Amino acid sequence: MARKTATMEAGTGAPAERVPGLDRLPAGPALFVGRRTELAALRAAAVRPAEGRSPVLVLAGRPGSGRTALAVRFAVTVAGQYPDGVLFARLSAPDGGRVPPARAARRLLEQLGADTAEVPLPGAAGDGRDDPACVALRAALAGRRVLLVLDDVRDAGQLWPLLADEPGCLVLATTAGPLTGIEDIDPVILGGLDRTAAAELLGDLVGGTRIGCDPVGAADLAEACGSQPAALRLMAGRLRGKPELAVTEAAKELLRAVAEAGKAEPEGVKEPAEAVDPPASNGKGKGERGKGRRGAAVTGPEPAAAVDPPVDPPVDPPAEPARDPAAWVRPGPEPAEPVPVPDNDPLVGAFTLAYAGLTAAQARMLRALTLAPAQSADPRTASALVGCPAPEAATTLAALAERELLAEEPPAADGTARYRVPGRLHPRLVRLRERDDRPAEIELARARLLERLVRLTESARSLLDPSEGAGPDPLPGPLRLKSAAHAREWLLGERDPLLGAVADAIGQGDLDGSAGRLVTALLRSLPLTGAAAPADLHQLHELVLTVAERHGRPRRASAALLNLGDLQAAAGRWEQASGHYRAALEHARTADDEALCARALEGAAGCHRALGDAVRAADWYGRALGVRQSMGDQAAEARLLARVAEAHAAQRRFDEAEREYRASLSVLRRIGDERGREAVAAALAELRERVSTGW
């Protein structure tokens, strides 16, 4: 089969294959035709400098228009001009959910090789340009030449916090809807392919002879597809699977399917009847369809209990660039809903025909993949969802990808193939799943998936730290993690899907047992990778808290709040940490757990100390001391006596401070702690010296 690609010379600079990060881009279709005008418009816009910030290119198109494939094609051609690498992030979930810019910034920082453990947790403001991760990303991009490909951006509020004041970088954003508010941007708008390109694509996908012998039928089919790449690919897959089907008859089938789609929808929530065309304006009332000042708009046919993992305190992020972004950014309102695929769109009819041609096993697999974390799956997770062996799942996944019903993702670190449900098909598949699969079957599939992820995560932990004891029973060969390096790569590569699986399960509230075990396994395993981000650990402890409070388990709730307080304290967020410690104390008292009470009291005292409130620090340390003394914990008693002494000294109550230091020394002598005794003796000597010199 011939391989057609767009004719476009590679950009000047380093050879593209040497640019780091190209493997992060979506695989894209093996066959790519047309789009010469759009590619030229993108290249022309890319070389125009943007004043004071990274240039931004916006590629807008309805679902199925091929905007992601075109973005990948363009990125490959110009990657050589950006020797510091290519970064990729998808800013919407397949179900249309909005990915916060802070989360995208952390993942982009990791792609740059930055240590996200040094990035503080989000503050109260949360998710805007001042978020620590966004600040750190912009600082990390300073002085670099990086290409950022941001796929499926929902709104300008997601984009502008990621834009660095670095003209040497380039941002390419794809979107289905408006991105109003960012100055000096005119989108390149995708319509359908031209007739020649549509015929070329069909010929390459189906076979030149079959299409060449029926040019009228090929033209009819392209017209019925609206010349949309996604619809053309689905129909080409149908023709490949049915050699006896005439091209003209396929066009008639599609027209009938489109006409019937709005009349007999699957049971479920009906989508809006009309889609919103992506606007050609940049938010300033200029740039009608087909016109643009900075780009080219191209028309076409109408288209469980938590443990306490060690957490290294983060450090402050690099300083914010001095330039005020208000001069060039005016974020518009966030859209209420993603742009839908209307019922009369050719893509819907093509999907209906493609789905009808699947075997029962293939259709079941496709529906089940909407339950996968982030709708992304490999044979390990897909086999759990449908309850089949991994090799069988791999065969089914490959068959669905061959029919253009799944998008290929970059393979896992060990070479395992990975696939994703395209966002344009996700809502339809969810409705089919709700119609055709019983609730008990769906719950069983979700339970199998969570248990599979628990076993994989525990297996990774046992490989990373054999001293923790024997791991779980070995997984079957095709599922097994083979080494510590493999386990680390798997954990880091699947971190987002794992976190998503836990959040989804706990959000639904019907599989808290399995979800709790997965949380515990992740809390034990992620720190062993050396790349556990505080934000991820914070999310996991919040999920533990949700489950504990839902089931009335105050001891677990207190442990989760203590861990959240420790993370906030490590980030220097003392007010937030104090709130967590106080809430932990209430739960600990309900559980009548003295150890947890003491930890909460000491944590709150440390917050008052850090905030410079020595009076409250002394009070809370004293309360913690009383609890530790009643428990007979002499090591903690000595430590807290020294803390009380420090608080007294800060209030210039020197006699009381010396008395507490001497009491601490007495306890340390009694338990034989020489190192502690030396440290406290040194503190006492320093106090006496300062007092003698008039402090």
Side-chain angles (χ1 to χ4, degrees), residues 1-6 29-36 61-66 69 190-266 275 298-303 341-359 362-363 366 399-406 422 424-425 428 432:
M1 184 181 295
R3 289 289 186 264
K4 299 286 185 182
T5 60
L31 301 174
F32 186 92
V33 300
R35 301 303 191 193
R36 298 169 186 264
R62 293 165 61 178
S65 62
L190 294 185
L193 295 169
D194 58 52
R195 290 186 178 183
T196 301
E200 286 182 4
L201 183 59
L202 283 173
D204 288 338
L205 290 171
V206 180
T209 302
R210 192 171 176 189
I211 297 298
C213 291
D214 191 359
V216 175
D220 289 345
L221 181 56
E223 183 177 355
C225 291
S227 293
Q228 293 185 37
L232 287 166
R233 291 178 181 280
L234 286 170
M235 292 306 298
R238 178 166 177 76
L239 287 168
R240 287 198 305 268
K242 298 187 70 174
E244 74 282 2
L245 181 63
V247 179
T248 302
E249 185 57 34
K252 294 178 181 178
E253 282 186 344
L254 178 56
L255 291 173
R256 287 194 297 268
V258 171
E260 293 171 0
K263 300 176 183 177
E265 281 298 305
V298 181
T299 61
E302 188 66 17
V341 178
D343 296 338
N344 61 351
D345 193 291
L347 179 61
V348 175
F351 166 71
T352 301
L353 293 172
Y355 183 81
L358 298 177
T359 65
Q362 291 170 341
L366 190 58
L400 291 170
E402 171 67 18
R403 291 175 178 260
E404 309 288 347
L405 289 164
L406 292 179
R424 59 183 177 268
L425 304 182
R428 302 272 164 179
L432 287 166

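Start at 1 with the first residue, then count along the sequence. This is a predicted model, so every value here is computed, not measured.
- At a threshold of 4.0 Å, the pair E404-R238 does not count as salt-bridged, since none of the basic side-chain nitrogens sits closer than that to a carboxylate oxygen.
- With rounding to the nearest 0.5 angstrom, the CD atom of E249 is 5.0 Å from the CZ atom of R256.
- Contact check for R403 versus L358: side-chain heavy atoms found under the 4.5 Å cut-off.
- Considering CG of L234 and CZ of R424, their distance stands at 7.0 Å, rounded to 0.5 Å.
- Using a 4.5 Å heavy-atom threshold, the side chains of L232 and L202 count as touching.
- Taking OG1 from T359 and CG from L400, the interatomic distance works out to 8.0 Å, rounded to the nearest 0.5 Å.
- When side chains are defined from C-beta on, Q362 does not count as touching L405, because their heavy atoms never get closer than 4.5 Å.
- Heavy-atom neighbours of R195 CZ from other residues, nucleotides or ligands within 6.0 Å: at or below the threshold of 12.
- Atom CG of residue L239 and atom CZ of residue R210 lie 5.0 Å apart, to the nearest 0.5 angstrom.
- With contacts defined as side-chain heavy-atom distances shorter than 4.5 Å, the pair E253/L245 qualifies.
- Of all heavy-atom pairs between C225 and M235, the closest is SG-CG, 3.8 Å.
- Listed here is the closest heavy atom pair of A198 and S227: CB-OG, 4.1 Å.
- Closest heavy-atom contact between G349 and V258: CA-CG2, 4.0 Å.
- Scanning all heavy atoms of the two residues, the minimum distance from G226 to P346 falls at N-CG, 4.0 Å.
- Note that the CD atom of Q228 and the CG atom of D345 stand 4.5 Å from one another [nearest 0.5 Å].
- The two residues R35 and G192 make their nearest non-hydrogen contact at NH1-O, 3.6 Å.
- Just one of L201, V206, L205, D204 meets the side chain to side chain contact (heavy atoms under 4.5 Å, CB included) condition when paired with I211; it is V206.
- Across every non-hydrogen atom of A251 and A224, the tightest pair is O-CB, 4.1 Å.
- With contacts defined as side-chain heavy-atom distances shorter than 4.5 Å, the pair F351/L432 qualifies.
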